[in-house]
Amino acid sequence: MSKHSTQTLAQLVQPDRVHRTLYTDPAIFALEMERIFERTWIYVGHESQVRNPGDFVATRIGTKPVLLTRHGDGRIHVLHNQCAHRGAQVVADASGNAQEFRCCYHGWSYHTDGRIKNIPLRHGYSQRLDVNDPKLAMVQVPRVQSYRGFVFASLVADGPSLADFLGYIATSLDDMVDRAPDGEIEVAGGSFKHVYHGNWKLYLENLLDVAHPLFVHQSSIEAAKVQDDSVPSDGSGEIAIRQMRQNGASYGFFESQVGIWAYPNGHGYMGDYHDDAKLVAAMNDPVFREYREALEVKKGAAEAKRILEVKRWNTNIYPNVSFMSQFQQFRVVHPIAVDKTVVYTYQFRLKGAPDRIFRHAIAFANVVNGTGSLVLTDDLETYNRIGTGMGSAGAEWIQIGRGLDTDVPDAHHGRRGKNSTSEIYLRNMYDAWLGYMTKGGRGLAAAAE
Ligand code: FES
Ligand SMILES: [Fe+2]
């Protein structure tokens, strides 16, 4: 039994501070896996990754290995990646296409929807072995739902629908897809994987942290400032340089021009950091003009304008996704241990857009958000330092109170920071955390009902 009761957990989250153990205690990590990751909706992949029958992608729900598969009848399933015989992981590849899944140990094989296909030496087993028992299979995860191609799964059979879980933050997923002239996006171009020695929550926290770039990214800001803009390029490098320079904007800009929004269930987004006019179109980039024209042809001028004027930067869908629609980048958080986290970054291609738009997105990822990039590496160092710092016997409480007295309601059942450097996104994630951990519930959403 856990040493943490509902009461003791509730005491660890206060309006303006949380206890350090939330980032360091393995018992709390184990409870988070059970009460958050194994109860709510978790993003497991995109339909384009399993386009054809037999396609599969290995991923995790919390620390539990699962497979996203497409069966012969076209349906998508999420299967526990465990053999029903003696427990071996059945599929060791990260992705691929298969007619069947065969266990490496004694050769039991499974259909791509998880049902048993063949048991070698079947006659030797007891007659009580019922091959039609759904538990004698690669067991299906009970709930799998897609929203516009994004597949989420839940390990529990009952609970809020995916639509309820997402609420207003679904509009950020709309923003990802709407930007494709053909109305469809697909995962393309491989993925980045990075590991850091810190808690999983740090990643989501940092992606909405408006107050950190000026310090954390100082070296790339300085490097970008001295770049010579007159040197010809294909445009992709310029986008990254503009981003790095933008990180060096004054605090006046960060406090007043950027927006930070928080919604039920821990979701939130940072907006107005850039818009297409500042980041791409203002460069008079012919590729962007071509893209905008393609969008106008397919969607009409008014709708294309509306789509391109959405100014969201990073969106978090708590607890395992952060993404950026302007550069079609999706990052999936895999908690490994209380002090170890792996993040996979995927790139999407906008169908119907010029190829060079995708190349710009890849260049942006390489320079800004890639494993060897000039920007992400700063953030990784920070996560590692937080992991190390919290291992000391310093301050017991972590401060999350910035903006607490000035946050204002938002029209869509959320709240926003009046000052953009408000830590409302942290309080909001902890509101959801508390709901999941102590009430089996849904934080703000439960409170609003
Ligand atoms: S453990 Fe899989 S066949 Fe024996
Ligand atoms: Fe950063």
Side-chain angles (χ1 to χ4, degrees), residues 2-25 27-29 31-32 35-36 39-40 165 167-169 198-212 251 254-256 258-271 314-319 322 338 382 386 389-390 392-449:
S2 172
K3 63 185 178 181
H4 296 287
S5 67
T6 296
Q7 286 79 5
T8 57
L9 286 169
Q11 285 163 6
L12 301 176
V13 177
Q14 299 179 2
D16 60 349
R17 61 182 196 171
V18 296
H19 199 268
R20 189 179 60 185
T21 49
L22 302 190
Y23 298 85
T24 58
D25 184 343
I28 288 182
F29 177 83
L31 279 178
E32 288 175 337
R35 296 184 183 175
I36 303 177
R39 279 193 192 162
T40 192
F165 165 75
Y168 183 69
I169 212 69
N199 189 262
W200 63 274
K201 296 187 285 294
L202 297 175
Y203 185 81
L204 294 168
E205 292 173 4
N206 188 59
L207 268 290
L208 298 186
D209 185 329
V210 180
H212 85 278
Y251 271 125
F254 282 116
E255 289 200 298
S256 61
V258 182
I260 187 82
W261 283 265
Y263 294 100
N265 299 325
H267 313 322
Y269 69 82
M270 176 199 294
N314 292 320
T315 289
N316 283 355
I317 297 181
Y318 189 82
S322 174
V338 69
T382 308
I386 294 171
M390 284 192 188
S392 82
E396 252 186 87
W397 292 89
I398 305 300
Q399 303 301 316
I400 61 166
R402 185 170 166 77
L404 178 63
D405 301 325
T406 51
D407 295 336
V408 292
D410 159 83
H412 305 284
H413 306 294
R415 293 182 74 72
R416 64 169 297 188
K418 192 171 179 193
N419 183 308
S420 316
T421 57
S422 168
E423 287 163 343
I424 187 171
Y425 61 97
L426 298 173
R427 293 188 288 280
N428 186 54
M429 285 193 265
Y430 273 111
D431 182 82
W433 187 95
L434 210 49
Y436 287 122
M437 295 290 278
T438 67
K439 301 178 207 136
R442 296 179 285 148
L444 267 179
E449 281 163 2

Separation of [Y] [atom2] from [X] [atom1] (nearest 0.5 Å):
X    : Y    : atom1 : atom2 : result
L426 : L204 : CG    : CG    : 10.5 Å
L208 : H267 : CG    : NE2   : 12.0 Å
T40  : I36  : OG1   : CD1   : 9.0 Å
R402 : I424 : CZ    : CD1   : 13.0 Å
L31  : T438 : CG    : OG1   : 11.5 Å
W261 : T315 : CH2   : OG1   : 10.5 Å

*Between H4 and D25, does any side-chain donor sit less than 3.5 Å from a side-chain acceptor?*
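Yes, D25 and H4 have a side-chain donor paired with an acceptor closer than 3.5 Å.
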
*Can you find a side-chain donor-acceptor pair between W200 and E32 that sits under 3.5 Å?*
yes

Note, [X] side chain near [Y] side chain (heavy atom, < 4.5 Å):
X    : Y    : answer
K201 : Y23  : yes
R427 : L404 : yes
T8   : K3   : no
I400 : E205 : no
V13  : L22  : yes
N265 : I169 : no
R415 : P409 : yes
L12  : T21  : yes

Search all heavy atoms of [X] against all heavy atoms of [Y] and return the closest pair with its distance.
X    : Y    : answer
L207 : N314 : O-ND2, 3.1 Å
Y318 : W433 : OH-CD1, 3.6 Å
Y263 : G414 : CD2-CA, 3.7 Å
M437 : I28  : CE-O, 4.1 Å
S422 : D407 : OG-OD1, 2.8 Å
I260 : S420 : CG2-O, 3.5 Å

*Taking N316 for its side chain and S322 for its backbone only, find out whether a donor-acceptor pair lies under 3.5 Å.*
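Looks like no, no N/O pair under 3.5 Å.
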
*Considering the options E396, Q14, Q11, which one meets the side chain to side chain donor-acceptor pair (under 3.5 Å) requirement together with H19?*
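Testing H19 for a side chain to side chain donor-acceptor pair (under 3.5 Å) against E396, Q14, Q11 leaves exactly one candidate, E396.
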
